[in-house]
Amino acid sequence: MSQRTAYRRTAMGGSSSIMDSQIIQLLLFYILPFIIINSLIFFLVTVKPKYEVTIGETNDYRTTTVTFSIKSHLPLKEVTITLNSEPLDLVRTGKQTYQAEITTNGILDIYMKNFNGMSLSEYEVIDILDDGAPELVSYDVNDGILSLTVKDTQSGIDYAAIHATTASGQVLEPLSVDRSSGFITFQLDPDGLTVSIKDLSGNEYLPSFSVVTEASSDGASSGQGQLMVQ
């Protein structure tokens, strides 16, 4: 009786081992390859292009560099990079790295398309360059003295270059300059004055100032004037 029981147990144990072996074979040679192959197909069909853009610092507020690196796993079918809708002149600096010098602010548009048909269209903003003229914050005239307050939030005002020109072409230097506040004064010419305000990047603002005398109700001059700028 005990021998039969032992035989049955041995037979059952052998069947269990065969089933385990068949399950392992099924997993290794059928199910697992199926999962891997389908995952790979899914990846190849759906993966999008990848890139990295680095916008460099600027020392003169006039130029900077843009570095474009391709990070895609698949070959690219198309790449288009423009700055303000104009093609960017890229120079190859590495295996999949390109660089361009930028002289103006704007929108960097990037379009990439893989061979699998997947694409991306993104943009980067470049705004570290100083391509705008200084700003005239306020102005006034009192007893023939023209007072101005100017500012430039990027490269800064070139105070050494500030001057004015009269209607007859005479060049006038400022009466006073306060660099900490941007406050500047000129002797206002009766026929008007054009002031040259530059920043350290060379951008220039040329406002013209003149006093328009108001007339009284009987047509005579009131002796009062209003400062005009254009």
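Below, each value reflects all heavy atoms present in this structure, side chains not excepted, and no hydrogens, waters or symmetry copies.
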According to side chain to side chain donor-acceptor pair (under 3.5 Å), who are the partners of [X], at least two apart in sequence or on a separate chain?
X: Asp109; answer: none
X: Ser69; answer: none
X: Ser147; answer: none

If we ignore hydrogens and angles and just use 3.5 Å, is the side chain of [X] paired with the main-chain N or O of [Y] as donor and acceptor?
X: Glu204; Y: Ala133; value: no
X: Tyr61; Y: Ser155; value: no
X: Arg92; Y: Lys95; value: yes
X: Gln154; Y: Leu129; value: yes
X: Asn114; Y: Asn116; value: no
X: Asn84; Y: Glu86; value: no
X: Asp199; Y: Asn203; value: yes

Once you round to the nearest 0.5 Å, how far does [atom1] of [X] lie from [atom2] of [Y]?
X: Leu90; Y: Glu101; atom1: CG; atom2: CD; answer: 12.5 Å
X: Ile55; Y: Ile102; atom1: CD1; atom2: CD1; answer: 8.5 Å
X: Lys50; Y: Ile70; atom1: NZ; atom2: CD1; answer: 14.0 Å
X: Glu135; Y: Ile197; atom1: CD; atom2: CD1; answer: 10.5 Å
X: Gln96; Y: Phe68; atom1: CD; atom2: CZ; answer: 9.5 Å
X: Asp140; Y: Phe209; atom1: CG; atom2: CZ; answer: 10.5 Å

Any idea which heavy atoms bring [X] and [Y] closest together, and the distance?
X: Ile126; Y: Thr104; result: CG2-O, 4.4 Å
X: Asp152; Y: Pro134; result: OD2-CA, 3.7 Å
X: Val195; Y: Phe186; result: CG1-CE1, 3.8 Å
X: Leu227; Y: Val211; result: CD1-CG2, 4.3 Å
X: Pro49; Y: Ser72; result: CA-OG, 3.2 Å
X: Leu193; Y: Ala164; result: CG-CB, 3.7 Å

Less than 4.5 Å apart, side chain to side chain, heavy atoms only: is that true for Val91 and Gln99?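 Val91 does not reach Gln99 side chain to side chain.
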Any side-chain heavy-atom pair of Thr166 and Asp191 under 4.5 Å: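 In short, these two side chains do not touch, never coming nearer than 4.5 Å.
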Please answer: with hydrophobic residues joined when any side-chain heavy atoms are less than 4.5 Å apart, are [X] and [Y] in the same cluster?
X: Leu188; Y: Tyr205; value: yes
X: Met118; Y: Tyr111; value: no
X: Ile157; Y: Val229; value: yes
X: Tyr51; Y: Val79; value: yes
X: Phe183; Y: Val150; value: no

Please identify which of these residues, Thr64, Asp131, Asp130, meets the side chain to side chain donor-acceptor pair (under 3.5 Å) condition with Asn105.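 Among Thr64, Asp131, Asp130, the one that satisfies the side chain to side chain donor-acceptor pair (under 3.5 Å) with Asn105 is Asp131.
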Evaluate whether atom OH of Tyr123 has more than 12 neighbouring non-hydrogen atoms of other residues, nucleotides or ligands under 6.0 angstrom away. no
Are Thr194 and Thr165 linked by a side-chain donor-acceptor pair shorter than 3.5 Å?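 Looking only at side-chain atoms, Thr165 and Thr194 do not form any donor-acceptor pair under 3.5 Å.
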For the side-chain contact (heavy atoms from CB on, under 4.5 Å) test, which of Ile81, Thr80, Leu76 pairs with Met112? Leu76
